[in-house]
Amino acid sequence: MPVLVTGGAGYIGAHAALALVESGERVIVLDDLSTGLRESVPSQAQLVVGDVADQDLVGRLVAEHGIEEILHFAAKIEVPASVANPLYYYEANTLKTRALLEAAVRAGVRRIVFSSTAAVYGEPSQPMMSEDAAPDPINPYGRSKLMSEWMIEDAARAHGLDYVILRYFNVAGADPKGRIGQCTPNATHLVKVACQTALGRRPALDVFGEDYPTPDGTCIRDYIHVSDLADAHLRALEHLRGGGESLVLNCGYGRGASVREVIESVKRASGVDFAVRAAPRRAGDPAALIADATRLRETFAWSPRFADLDAIVSQALAWEARLPDEREKASRAAAG
Ligand SMILES: NC(=O)c1ccc[n+]([C@@H]2O[C@H](COP(=O)([O-])OP(=O)(O)OC[C@H]3O[C@@H](n4cnc5c(N)ncnc54)[C@H](O)[C@@H]3O)[C@@H](O)[C@H]2O)c1
Ligand SMILES: O=c1ccn([C@@H]2O[C@H](COP(=O)(O)OP(=O)(O)O[C@H]3O[C@H](CO)[C@H](O)[C@H](O)[C@H]3O)[C@@H](O)[C@H]2O)c(=O)[nH]1
């Protein structure tokens with residue numbers, strides 16, 4: 001029976017879909033291509049273009065293919081956009097997840113793996129967050145995801161659904177074989193922006209705050225390679241198939257890198273000493289956010305393959321170098 005992967009044309013969903021087909025699973029991707037790309041879906045997977053909130057479509061797919069499992073990645077992911085337009089985020093993430101859950105439960109889906117985020121923790125009470133910390137999101141994106149977590153937990157209790165909720169920390173890198181990577185236009189993620197700057201596609205990199213209470217004054221994050229994260233999804237499915245209990249798990253390596261360390265890594269990988277500018281702090285950035293990933297490692301016997309910042313950065317850079325320059329594309333489009 002195939003696994004339904006919502007958002008499987010997006011950055012993380014496509015890496016998970018690839019990992020699934022490579023492990024011999026059948027995969028159906030449901031994606032509206034709002035930010036994802038058709039080309040990112042592995043050729044062995046079937047792509048259905050549609051909305052996760054289309055209950056007739058979901059019900060039909062589940063019934064026709066006997067689907068029992070959903071990996072639910074589809075969402076909107078920009079924190080500043082969620083602050084500017086919260087009701088849109090509650091619709092796109094919370095209400096659409098509710099609709100998907102209802103259709104799934106009605107059609108007899110048994111297991112769900114959900115993409116949540118470290119943003120549910122809000123301002124961390126300590127640098128290293130465990131799943132037992134009380135969630136306290138500080139922006140609509142984080143709240144929209146926390147509400148989705150709660151709906152899944154409640155629906156599971158009422159309808160016998162089993163789930164794994166994965167709270168991702170900072171996802172970065174690209175498929176080591178260079179087949180897929182992050183394509184998001186106007187990305188704001190540090191590793192991607194730094195790679196674009198090294199490739200001359202941005203004039204300089206802004207460092208948002210150098211006066212944080214960290215060893216070099218810049219923010220610390222736990223960067224996890226997207227392929228290691230994809231592997232955690234396979235483990236989550238295995239766990240549930242084996243009768244394992246429903247769980248909430250942090251996804252990170254349990255160690256952090258500062259903004260300065262990421263920049264140095266990109267400079268080493270590219271051999272380019274690109275321009276770096278001091279900029280004011282960005283609203284809502286905690287000084288340090290690191291996953292306590294003990295539960296993930298112990299429950300799934302998960303051992304990451306790319307837990308090395310230089311490996312993450314060099315693969316992100318290799319991918320970025322293969323992408324056409326967005327400014328070039330824009331100027332070609334403007335020239336007609
Ligand atoms: N990128 C990160 O650092 C990060 C961190 C924490 C959590 N997450 C979560 O991981 C998941 C995937 O994020 P990503 O970085 O791959 O983003 P992405 O934008 O690359 O992928 C999202 C995918 O979902 C699709 N989609 C959106 N709304 C849809 C809908 N209503 N119906 C069908 N398809 C729809 C988009 O077209 C896209 O392919 C999201 O749930 C996000 O909240 C991401
Ligand atoms: O051009 C840039 C971009 C980022 N940063 C800094 O780099 C760090 C990482 O920033 P990212 O934007 O790459 O990532 P965030 O930590 O803000 O956010 C990530 O983690 C969040 C959870 O806390 C959410 O899950 C979100 O989707 C995910 O991208 C932050 O200190 C940020 O201020 C810069 O200095 N310059």
Side-chain angles (χ1 to χ4, degrees), residues 5-17 29-38 40-41 47-54 57-58 71-80 82 89 91-93 95-97 99-100 114-124 129 137-139 141-142 144-145 148 166-172 181-185 187-194 196-197 202 204-210 212 214 218-224 226 229 251-252 256-260 262-263 276-289 291:
V5 178
T6 77
Y11 171 47
I12 304 169
H15 283 82
V29 167
L30 174 59
D31 199 297
D32 65 2
L33 303 181
S34 52
T35 57
L37 296 177
R38 191 180 286 276
S40 299
V41 177
L47 169 65
V48 176
V49 179
D51 192 324
V52 295
D54 181 342
L57 174 62
V58 171
L71 302 194
H72 179 35
F73 295 91
K76 298 295 168 202
I77 67 160
E78 289 170 42
V79 173
S82 80
Y89 266 71
E91 183 185 351
N93 292 352
L95 294 182
K96 290 196 178 202
T97 294
L100 173 73
F114 176 63
S115 306
S116 191
T117 165
V120 301
Y121 293 118
E123 290 288 353
M129 298 303 287
I138 54 169
N139 54 56
Y141 167 70
S144 74
K145 286 284 181 173
S148 302
L166 297 176
R167 292 179 177 160
Y168 313 161
F169 281 63
N170 287 60
V171 189
Q182 195 170 11
C183 299
T184 332
T188 56
H189 291 155
L190 177 65
V191 172
K192 187 169 175 84
V193 170
Q196 289 174 330
T197 314
R202 293 179 188 243
L205 179 79
D206 289 328
V207 176
F208 299 140
E210 294 182 307
Y212 284 98
T214 60
T218 66
C219 290
I220 293 175
R221 295 289 181 273
D222 189 339
Y223 295 90
I224 176 172
V226 65
L229 181 61
C251 292
S258 73
V259 173
R260 280 276 166 207
V262 171
I263 292 170
V276 174
R277 297 184 297 222
R281 287 185 178 197
R282 197 172 66 174
D285 273 346
L289 189 55

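The first residue of the sequence shown is numbered 1, and numbering continues consecutively from there. The figures that follow rest on heavy atoms only: side chains count, while hydrogens, waters and symmetry mates do not. Whatever order the structure lists ligands and atoms in, that order sets their numbers, starting from 1.
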Check against side chain to side chain contact (heavy atoms under 4.5 Å, CB included), L57 and D51 | CA-CA 8 Å; L57 174 62; D51 192 324; over 6 Å; no
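- Residues Y141 and I77 are in side-chain contact: their nearest non-hydrogen atoms beyond the backbone lie under 4.5 Å apart.
- Between C183 and L37, some side-chain heavy-atom pair lies under the 4.5 Å cut-off.
- Using a 4.0 Å cut-off to heavy atoms of V207, the atoms of ligand 2 that qualify are 35 (O).
- Protein heavy atom in closest approach to atom 25 (O) of ligand 2: T117 OG1, 2.7 Å.
- Side-chain contact between H189 and N170 is absent, with no heavy atoms from C-beta onward closer than 4.5 Å.
- If you look at N170 next to ligand 2, the close heavy atoms, those under 4.0 Å, all belong to the side chain.
- The shortest N or O to N or O distance between V193 and ligand 2 is not below 3.5 Å.
- When the side chain to side chain donor-acceptor pair (under 3.5 Å) test is applied to Y168, the partners found at least two apart in sequence or on another chain are S115, H233.
- Close approach to T188 involves these atoms of ligand 2, each under 4.0 Å from a residue heavy atom: 3 (C), 12 (O).
- Taking atom 35 (O) of ligand 2 as the reference point, the nearest protein heavy-atom neighbour is F208 N, 2.9 Å.
- Taking atom 23 (O) of ligand 2 as the reference point, the nearest protein heavy-atom neighbour is L289 CD2, 3.3 Å.
- Heavy atoms of H189 found under 4.0 angstrom from ligand 2 belong to the backbone as well as the side chain.
- Y89 and S144 make their closest contact through O-CB, 3.9 Å (heavy atoms, listed as atom of the first residue, atom of the second, distance).
- For the pair E123 and I138, the minimum side-chain heavy-atom distance is below 4.5 Å.
- At least one N/O-N/O distance between L190 and ligand 2 falls below 3.5 Å.
- Nearest heavy-atom pair, V207 versus T218, reported as atom, atom and distance to 0.1 Å: CG1-CG2, 3.8 Å.
- Counting protein heavy atoms only, atom 10 (O) of ligand 2 is closest to R282 NH2, 3.5 Å.
- Ranking the protein heavy atoms by distance from atom 31 (O) of ligand 2 puts C219 CB, 3.0 Å first.
- Residue-to-ligand polar distances keep Y223 apart from ligand 2: every N/O pair is separated by 3.5 Å or more.
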Checklist line | side chain to side chain contact (heavy atoms under 4.5 Å, CB included) between Y223 and L190, intermediate numbers included | finding: CA-CA 10 Å; Y223 295 90; L190 177 65; 3.3 Å; yes
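- Nearest protein neighbour of atom 22 (C) of ligand 2, counting heavy atoms only, is A119 N, 3.4 Å.
- Protein heavy atom closest to atom 30 (C) of ligand 2, with residue, atom name and distance, is D285 OD2, 3.8 Å.
- Within the 4.0 angstrom cut-off, atom 3 (C) of ligand 2 has one or more protein heavy-atom neighbours.
- Residues passing the side chain to side chain donor-acceptor pair (under 3.5 Å) test with T97, sequence neighbours excluded: H72.
- K145 meets the side chain to side chain donor-acceptor pair (under 3.5 Å) test with no other residue; sequence neighbours excluded.
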Exercise for the section: Under the side chain to side chain contact (heavy atoms under 4.5 Å, CB included) rule, what do T188 and E78 come out as? Steps first, then yes or no, please. Expected result: CA-CA 9 Å; T188 56; E78 289 170 42; 5.9 Å; no
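- At a 3.5 angstrom cut-off on N or O pairs, Y168 does not count as close to ligand 2.
- Counting heavy atoms from C-beta outward, T35 and K76 have side chains that approach closer than 4.5 Å.
- With a 4.0 Å cut-off on non-hydrogen atoms, V262 does not touch ligand 2 at all.
- Near ligand 1, residues G7, A9, G10, Y11, I12, D31, D32, L33, S34, T35, G36, G50, D51, V52, F73, A74, A75, K76, I77, K96, S115, S116, T117, Y141, K145, Y168, F169, V171, H189 each place a heavy atom inside the 4.0 Å sphere around the ligand atoms.
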Next on the checklist: side chain to side chain contact (heavy atoms under 4.5 Å, CB included) for V191 and R221? Distances and angles first, verdict last.
Outcome noted: CA-CA 11 Å; V191 172; R221 295 289 181 273; over 6 Å; no
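- Contact annotation: for D206 versus ligand 2, heavy atoms closer than 4.0 Å belong to the backbone alone.
- The two residues A74 and T6 come nearest to each other via the heavy atoms N-OG1, 3.1 Å.
- Protein heavy atom at the shortest distance from atom 6 (C) of ligand 2 is V259 CG2, 3.8 Å.
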